[in-house]
Amino acid sequence: MLFFIAKYEFCPIDLETRKVRKISTVNYPEDMDVRDPIFNEEYPKLTQEFNEESKVYSQKISLSDIDFSCHTNNTVYIRYLMDCFSSDFMENHIITDFEIHYLTESREGDILNFYKIENNDNTIDFLIKNDKEISRAKLRYLRIK
């Protein structure tokens, strides 16, 4: 039984500038055996406009949130996004799709602001930011109750 399918896009980060680089600019084996994709959907642009009314809460990044690279572990962002929901919402809805775009890094001590906008098409858009955008996400759901 299939529970979920994950798709990811590989993008190297320059260790000095911490900026995303093209794969052709790094020493990465071009002849690596890569499986054909299961599906060929494009990555959409997550361009929802957010304002202070859509802010849900703020969270300070702590020691237990960081990984071996000393920046916030990607799974932590998802955990904090789930904190934008109530248990009532989770009991009455099934998440069918979730997409997250990591834009830049955050570190221990940073205070992140979490924004959420519920749309009329059973989707919810998210933004995580401090002085810059850290991550954007979109969640699709079905109502079960």
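Side chains included, hydrogens not; waters and symmetry mates left out as well; all remaining heavy atoms used.
A chain of hydrophobic side-chain contacts below 4.5 Å, direct or via other Ile, Leu, Val, Met, Phe, Trp or Tyr residues, connects Ile100 to Ile124. Both Tyr77 and Met82 are part of a single hydrophobic cluster, where members link through side-chain heavy atoms under 4.5 Å apart. Note on Ile78: it clusters hydrophobically with Tyr141, by side-chain heavy-atom contacts below 4.5 Å among ILVMFWY residues. A single hydrophobic cluster is not seen to contain both Met90 and Ile144; linkage of ILVMFWY side chains at heavy-atom distances under 4.5 Å, directly or through other members, places them apart.
Not one N or O on the side chain of Ser54 forms a donor-acceptor pair closer than 3.5 Å with the backbone of Ile117. A distance-only check finds a donor-acceptor pair linking the side chain of Ser135 to the backbone of His101 [under 3.5 Å]. Looking at Lys116, its side chain does come within 3.5 Å of a backbone N or O of Cys84 through a donor-acceptor pair.
Every residue two or more places apart in sequence or in another chain that forms a side chain to side chain contact (heavy atoms under 4.5 Å, CB included) with Leu142 is listed here: Thr96. By the salt bridge (Lys or Arg N to Asp or Glu O under 4.0 Å) test, Glu133 is found to be paired with Arg136, residues two or more places apart in sequence or in another chain being considered. For Asp110, there are no salt bridge (Lys or Arg N to Asp or Glu O under 4.0 Å) partners two or more places apart in sequence or in a different chain.
Remark: Glu99 CD to Leu139 CG distance equals 11.0 Å, nearest 0.5 Å. Taking OH of Tyr115 as the start and CG of Leu81 as the end, the distance is 13.0 Å to the nearest 0.5 Å. Note that CG of Asp131 is 7.5 Å distant from CD1 of Ile134, once rounded to the nearest 0.5 Å. One distance of note links CD of Glu105 with NZ of Lys132; it measures 9.0 Å at 0.5 Å rounding.
Residues Phe126 and Val56 fail the side-chain proximity criterion, which asks for heavy atoms closer than 4.5 Å. For the pair Glu108/Cys70, no side-chain contact is recorded, criterion being any heavy-atom separation below 4.5 Å from C-beta on. Looking at heavy atoms from C-beta onward, Lys138 lies in side-chain contact with Asn119 at the 4.5 angstrom threshold. Two residues are said to be in side-chain contact when any heavy atoms from C-beta on lie closer than 4.5 Å; Ile128 and Tyr80 fail this criterion. Thr123 is not listed as a side-chain neighbour of Gln48, based on a closest heavy-atom distance of 4.5 Å or more.
Every pair passing ring pair (Phe, Tyr, Trp, His ring centres under 6.0 Å) that includes a residue from residues 45-72 is listed here, sequence neighbours excluded: Tyr57-Phe114. Pairs engaging residues 48-60 under the salt bridge (charged side-chain N to carboxylate O under 4.0 Å, His left out) rule: none recorded [sequence neighbours left out]. Identified under the salt bridge (charged side-chain N to carboxylate O under 4.0 Å, His left out) test for residues 72-84, with sequence neighbours left out: Asp65-Arg79.
Of the options Asn130, Ile111, Leu112, a side chain to side chain contact (heavy atoms under 4.5 Å, CB included) to Ser58 is made by Ile111 and by none of the others.
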